[in-house]
Amino acid sequence: MLEHDQLQQLYRYCVSLTQHAHNAHDLLQTAVLKWVQKGQPGDAPEAYIRKIIRHQFIDDCRRQQCVAFDPIEDQSALTLSEDVLEKQFIDSELTAQLMDRLENAEREVLFLSAVVGMTASEIADEVGSSRGTVLSRIFRVKKKAQGIMQDIFPERCGRNR
Amino acid sequence: MRQNLKKATQDYYQQFELDKEQLAEFDQLIQSDSRPAPPHRSKPSWWLTAAASLVLLASVAFIMLSYQTEFNEARILAIVEEVSKEHLEQDPLEITGQQFASVSGYFDKLDFALSPTMQIPSSMAVLQGGRYCSIQSVKAAQLRYGTGGNAITLYQVPYDKRLHGAIPDINREGKMLVRHSRGIEVKLWVENGLLMTAARKMHQAP
């Protein structure tokens, strides 16, 4: 059985991938239908359905001939502390702008870290990449957030460091 | 207000929420696959066996009744998936025209007559033409109204409750079902014995 708060969390995960409320609803509906058709497996249905959502999102992108998750090889953030999201500040009204600037993979990592509360290792296991890649994506999120703050408040950004 | 990125992200996603109707649809979808727990095995005893049999019979009756209800939603979703995909594909029309009588006359291979519907008045969209298609493997007609992003695709096929699920008759019940798939809004209703489904692109929220 899936509780309503689990459905809301899964819906928000779909929003993090699609950046569109209606597309997110469709994606979730397709994923839940597949989960039901498989017999509702998994002791942790939320994690299981997230995997279905991710695969479905990749399939949908492939059909539309776009790339779901851009690969990166930058491993320079390996020494990045995992609490970087708590140390980077942003004006709350600029969050939507940040989300528009992030790539799908960056938004996904940000969501899984900040909203679901997963560690970099857990995210790496879930999305099938290395911990280094996950940290690199978090680092890029941080840089983009800094970039937005610099664009809007250039005189303030010295105090952010 | 300045916040750390973790809190800002949490607050950002809080604004996205499924509404009550959407949650109810998901509950129905999930419950359509509920299975009863297997009967508990206990020491053989005639009255226990009789009681268990009665409970089992009652459970089967209840499940069949519940399944019939939940079966609807799965059937309806299958139709919605099919028509939304066809709407997006926008295959070429086989017959073009703006007069319903001349366009409907093209469909002589169907075993039913097309029916005009008041649900798509000419003030909403102008008929462009049609083509043959199928709905759940039954030969059907596809009529296209309007053009470009405002196009509406109307499908007509004889209504079969066993195949299509319980869908309201617009003339008797005055309502239709509305579902969404792939960014397409799909409306379903029965009119003059035909299942009608109308697909159009959902308008993005500001």
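Lettering follows sequence order; numbering is per chain, from 1. Computed from a predicted structure; not experimentally measured.
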Given heavy-atom pairs under 4.5 angstrom as the criterion, report whether the side chain, backbone, both or neither of [X] touches chain B.
X       : result
A:Ala24 : neither
A:Thr30 : side chain
A:Leu28 : both

Quick one, [X] and [Y] - any side-chain contact, counting heavy atoms below 4.5 Å?
X        : Y       : result
A:Phe89  : B:Leu5  : no
B:Tyr12  : A:Leu98 : no
A:Leu110 : B:Lys6  : no
A:Met149 : B:Arg2  : yes
B:Tyr13  : A:Met99 : yes
B:Gln22  : A:Gln29 : no
A:Asp91  : B:Met1  : no
A:Leu85  : B:Thr9  : no

Q) Given a strict heavy-atom distance threshold of 4.5 Å, which part of B:Glu185 is in contact with chain A: side chain, backbone, both, or neither? A)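 B:Glu185 has no heavy atom closer than 4.5 Å to chain A.
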
Q: Please flag which part of B:Gln15 lies under 4.5 Å from any non-hydrogen atom of chain A: side chain, backbone, both or neither.
A: neither

Q. Who among B:Gln3, B:Gln10, B:Gln14 has the most heavy-atom pairs with chain A under 4.5 Å?
A. B:Gln3

**Q.** Close aromatic pair by centroid cut-off 6.0 Å: A:Tyr11 and B:Phe16
**A.**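 No, the ring centres sit 6.0 Å or more apart.
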
(Q) Would you say the ring centers of A:His25 and B:Phe26 fall short of 6.0 Å from each other? (A)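 Close enough - the centres of the two rings lie under 6.0 Å apart.
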
Q: Considering only NZ, NE, NH1 and NH2 on the basic side and carboxylate oxygens on the acidic side, decide whether B:Lys7 and A:Glu86 come within less than 4.0 Å.
A: no

Q: Taking all heavy atoms of A:Asp26 and all of B:Ile184, pick out the closest pair and write down the distance.
A: OD2-N, 4.4 Å

Mind checking the [atom1]-[atom2] spacing from [X] to [Y]? Nearest 0.5 Å is all I need.
X       : Y      : atom1 : atom2 : answer
A:Gln88 : B:Asn4 : CD    : CG    : 9.5 Å
B:Asp27 : A:Leu7 : CG    : CG    : 7.0 Å
B:Leu18 : A:Gln9 : CG    : CD    : 11.5 Å

Q: Identify which of A:Ile90, A:Thr95, A:Val115, A:Val15 forms the greatest number of heavy-atom pairs closer than 4.5 Å to chain B.
A: A:Ile90

Q: May I ask you to decide if the ring planes of B:His180 and A:His22 are parallel, tilted or perpendicular, using 30° and 60° as cut-offs?
A: parallel

Q) Has A:Glu93 got more than 12 heavy atoms of other residues, nucleotides or ligands less than 6.0 Å from its CD? A)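 Yes, enclosed.
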
